[in-house]
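Structure first, commentary second.
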Amino acid sequence: MAEGQKQKSVPVLPWMRSPIDVSLFEECPLGLLPGLDPRLSEALQNMDIFALFPVQLAVWQETIGPGAFERDLCVNSPTGSGKTLAYALPIVQALSNRAVKCLRALVVLPTRDLALQVKSVFDKIAPAVGLSVGLAVGQSSVADEISQLIKRPKLEAGICYDPEDFSLGLQSSVDILVATPGRLMDHINGTKGFTLEHLCYLVVDETDRLLREAYQSWLPTVLQLTRFSDEGLFPGAHTVRPSSLGSLKTVRRSGVERGFKGKTYPRLAKMVLSATLTQDPSKLAQLDLHHPLFLTTGKLRYQLPGKLESYKLICESKLKPLYLVALLQNLGREKCIVFTSSVESTHRLCTLLNFFDNLPFKIKEYSGLQRQSLRSKTLRGFREGEIQVLVSSDAMTRGMDVEGVRNVINYDMPAYIKTYVHRAGRTARAGQAGRCFTLLRKDEVKHFKKLLQKADSNSCPVYSIPLSSTESLHSVYTSALEKLKETVEVEAHRKRKIGF
Ligand SMILES: Nc1ncnc2c1ncn2[C@@H]1O[C@H](COP(=O)(O)OP(=O)(O)OP(=O)(O)O)[C@@H](O)[C@H]1O
C-alpha cells in the first residue's frame with residue numbers, strides 16, 4: 001500500500017458491509033424524540049442532558065422507533081460518543097410499562113469499576129419509571145449481593161415452611177442487572193431464585209474485550225439459559241404468565257415465522273457495543289445474533305474523537321521520565337492519565353515519579369496488580385480531583401469516563417491502533433476537547449505514523465519540550481532513580497520472603 005493511503009478494510013460478514021452510518025445523524029433535542037416517556041425526559045434533564053447524541057438517536061430508532069428491537073444491534077462508535085445511554089435509555093423505556101418485577105435486562109461489562117459506572121447511569125433514569133437496578137460484581141459479599149438481588153417471600157407466623165418449597169417463591173428484586181462475568185456465573189450457579197428465564201435484553205458492552213473473556217463459559221451459559229423453551233405446554237399462551245407453582249414463567253416457543261426458524265420466541269434482543277468492534281466472524285458467531293444490524297460511524301474502522309489533538313514527543317529511552325515530568329509540569333494541574341505497557345512498569349513509573357520532590361500534583365497508580373478496594377479508592381480520588389495524575393496499565397481504563405480528563409500520555413507507544421483508540425479516548429469525550437501525547441524513540445516514529453493512519457489521524461505534530469526544562473530536572477532525577485533502586489530491592493526481598 002502506498003505511503004499515506006488510507007486503509008479501508010472490507011468486513012467479511014455481508015451484513016457488516018451495509019451499515020447504518022451514525023455520522024449522518026444529528027443530535028436530537030429530547031422534545032423531538034418520538035415516544036420518549038416524559039418521566040425519562042425529566043430524568044435526563046436532571047443529568048444536564050437536553051439532546052440525544054447521534055449514536056443514541058440511531059439506536060433509539062432501531063429499538064423504540066420503527067426498528068422495534070426486531071434485529072440485534074452491533075454498534076461501533078467512537079470513545080465518549082455516549083454508547084452507555086444509547087442502550088440504557090431504550091431498555092428503560094421498553095421496560096417502563098412492565099407489570100411484574102423480574103430480571104429482564106442484563107448488561108455485562110469486563111471490569112468492576114466499569115460496571116459501577118454503567119450502573120450509575122441506569123440509576124439516574126430507571127427509578128423515574130419505577131424500575132430497580134442491581135449490581136453483581138463482587139464488591140460486597142455474596143450474601144449481601146443476594147439480599148439485594150433476590151426477594152424472599154414474607155413468612156407468616158405459625159406456619160411451618162419446607163425450605164425447598166420456600167425457595168420456589170423467591171423473586172427478583174431487580175429489573176435490570178449490571179454484572180461482570182465472574183459474579184454473574186456465581187449467581188447463575190449458586191443463587192437460589194436467580195434466573196435468566198425472563199430475560200428480554202442482553203447488552204455486551206466492550207464486546208471485543210468480553211469475547212476474549214471465556215470465564216466459566218459465561219456467554220454460552222447465558223445464551224443457553226435464555227433459549228429455554230416450554231414448547232407445547234401453553235400453546236398460544238401469553239409470554240409471561242404465572243406458573244402452576246405461583247411464580248412467574250416465561251414461555252419461549254420455537255419460532256416458526258420467517259427469520260425465526262430454529263430460534264425461540266420471544267427471543268432475547270441483544271446489543272453489542274465497542275469503540276473498536278471486532279469484525280471477526282468466528283468471534284461474532286459466539287453471540288448467536290439475530291439478523292444483526294451494524295451501526296458504525298464514518299467509513300473507517302477506527303475513529304478518534306472529533307476534538308482530540310494528537311502529539312508526539314521524541315526522546316531517548318533513558319530520558320523518558322525526564323520528558324514525562326517536564327510535560328506534566330507544562331500541563332499544570334489538569335487531570336491526566338499516563339499509560340504504560342505493563343502492570344510492572346506502571347508500578348515502577350509511579351514509584352519513580354513520586355520520588356521527584358515538590359511536584360505540584362498528586363500521582364497514583366491504577367493497575368491490575370492492586371487490590372480492587374485500593375483501585376476503587378484511587379479512582380474515586382481521581383474523579384473527585386484529589387488526584388491529578390493516574391499512572392495506569394491498559395486493561396484497567398477501557399470505557400472509563402472521568403470528567404475533566406484533559407490529557408492522556410502514552411509513556412510507552414501502544415502496539416496496536418485499538419489500544420491507541422481506547423487510551424486516547426479517556427479524553428475528548430462527549431464532544432469536549434482533549435490531547436493525547438505519545439513519547440517515542442526515534443526508531444518508533446515510522447511505525448507510530450503507520451499505526452495512526454489506521455484511524456486516519458495523519459496530523460500528529462511534534463510537541464517540543466525546551467532543553468532547559470529537562471536539564472533542570474537532572475539532579476532530582478538521579479536521586480529519584482537511586483531511591484527507586486532501593487525500593488525495588490526492598491520489594492523484591494519482601495516478595496521472596498512471602499514466597500510470592
Ligand atoms: N446526550 C448526551 N448529552 C450530553 N452528555 C452526554 C450525552 N450522552 C452521554 N453523555 C456523556 O458523555 C460521556 C461519554 O459517554 P459514555 O461513557 O457512554 O461513552 P462511550 O461511547 O461508552 O465511551 P467508551 O467507548 O470510552 O466506553 C459521559 O460523561 C456521559 O455522561
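Order of listing sets the numbers, starting from 1, for every ligand and every atom in it. For this chain, numbers begin at 1 and follow the sequence in order. All values below come from the heavy atoms of this structure, side chains included, with hydrogens, waters and symmetry mates left out.
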* Smallest separation among heavy atoms of Ile314 and Val462, with atom names -> CD1-CG2, 4.1 Å
* To do: Quick one: closest heavy-atom pair of Arg333 and Phe361, and the distance?
  => NH1-CA, 4.0 Å
Test your reading of the structure: does [X] have an N or O sitting under 3.5 Å from an N or O of ligand 1?
{"X": "Thr84", "value": "yes"}
{"X": "Arg426", "value": "yes"}
{"X": "Ala275", "value": "no"}
{"X": "Ile49", "value": "no"}
{"X": "Gly425", "value": "no"}
{"X": "Ser81", "value": "yes"}

Closest protein heavy atom (residue, atom, distance) for [atom]:
{"atom": "atom 15 (O) of ligand 1", "result": "Gly82 CA, 3.6 Å"}
{"atom": "atom 23 (O) of ligand 1", "result": "Gly80 N, 2.8 Å"}
{"atom": "atom 12 (O) of ligand 1", "result": "Ala430 CB, 3.2 Å"}
{"atom": "atom 21 (O) of ligand 1", "result": "Lys83 NZ, 2.8 Å"}
{"atom": "atom 10 (N) of ligand 1", "result": "Phe53 CE1, 3.7 Å"}
{"atom": "atom 9 (C) of ligand 1", "result": "Gln56 NE2, 3.6 Å"}
{"atom": "atom 27 (O) of ligand 1", "result": "Gly399 CA, 3.3 Å"}
{"atom": "atom 1 (N) of ligand 1", "result": "Ala51 O, 2.7 Å"}

* Residues forming a side chain to side chain donor-acceptor pair (under 3.5 Å) with Thr438, sequence neighbours excluded -> Asn410
* Salt bridge check: are Asp72 and Arg267 linked by an N-O gap of less than 4.0 Å? -> yes
* Asked: Under a 4.0 Å N-O cut-off, is there an ion pair linking Asp113 with Arg383?
  -> no
* So is Gly431 close enough to ligand 1, meaning a heavy atom under 4.0 angstrom away? -> no
* Asked: Strictly under 4.0 Å, does any heavy atom of Met400 approach an atom of ligand 1?
  -> no
* **Working for ring pair (Phe, Tyr, Trp, His ring centres under 6.0 Å), residues Tyr201 and Tyr87** => CA-CA 10 Å; Tyr201 307 104; Tyr87 60 77; over 10 Å; no
* Asked: For Gln372 and Arg375, does a side-chain donor sit closer than 3.5 Å to a side-chain acceptor?
  -> yes
Proximal ligand 1 atoms for [X], defined as those under 4.0 Å from one of its heavy atoms:
{"X": "Glu206", "answer": "27 (O)"}
{"X": "Pro78", "answer": "21 (O)"}
{"X": "Arg429", "answer": "14 (C), 16 (P), 17 (O), 19 (O), 20 (P), 23 (O), 24 (P), 26 (O)"}

* Which is closest to atom 31 (O) of ligand 1 in terms of heavy atoms, Val421, Val121, Val402, Asp401? -> Asp401
* Inter- and intrachain pairs under side-chain hydrogen bond (donor to acceptor under 3.5 Å, both in side chains), touching residues 18-29, at least two apart -> Asp21-Ser23
* **OH (Tyr416) with more than 12 external heavy atoms under 6.0 Å** => no
* For atom NZ of Lys320, decide whether the heavy atoms of other residues, nucleotides or ligands shown that lie under 6.0 angstrom number more than 12. => yes
* **Evaluation steps, side-chain contact (heavy atoms from CB on, under 4.5 Å), between Gln56 and Leu89** => CA-CA 8 Å; Gln56 296 162 351; Leu89 190 60; over 6 Å; no
* **Cationic tip of Lys418 above Tyr302 ring, under 6.0 Å, 45° of axis** => no
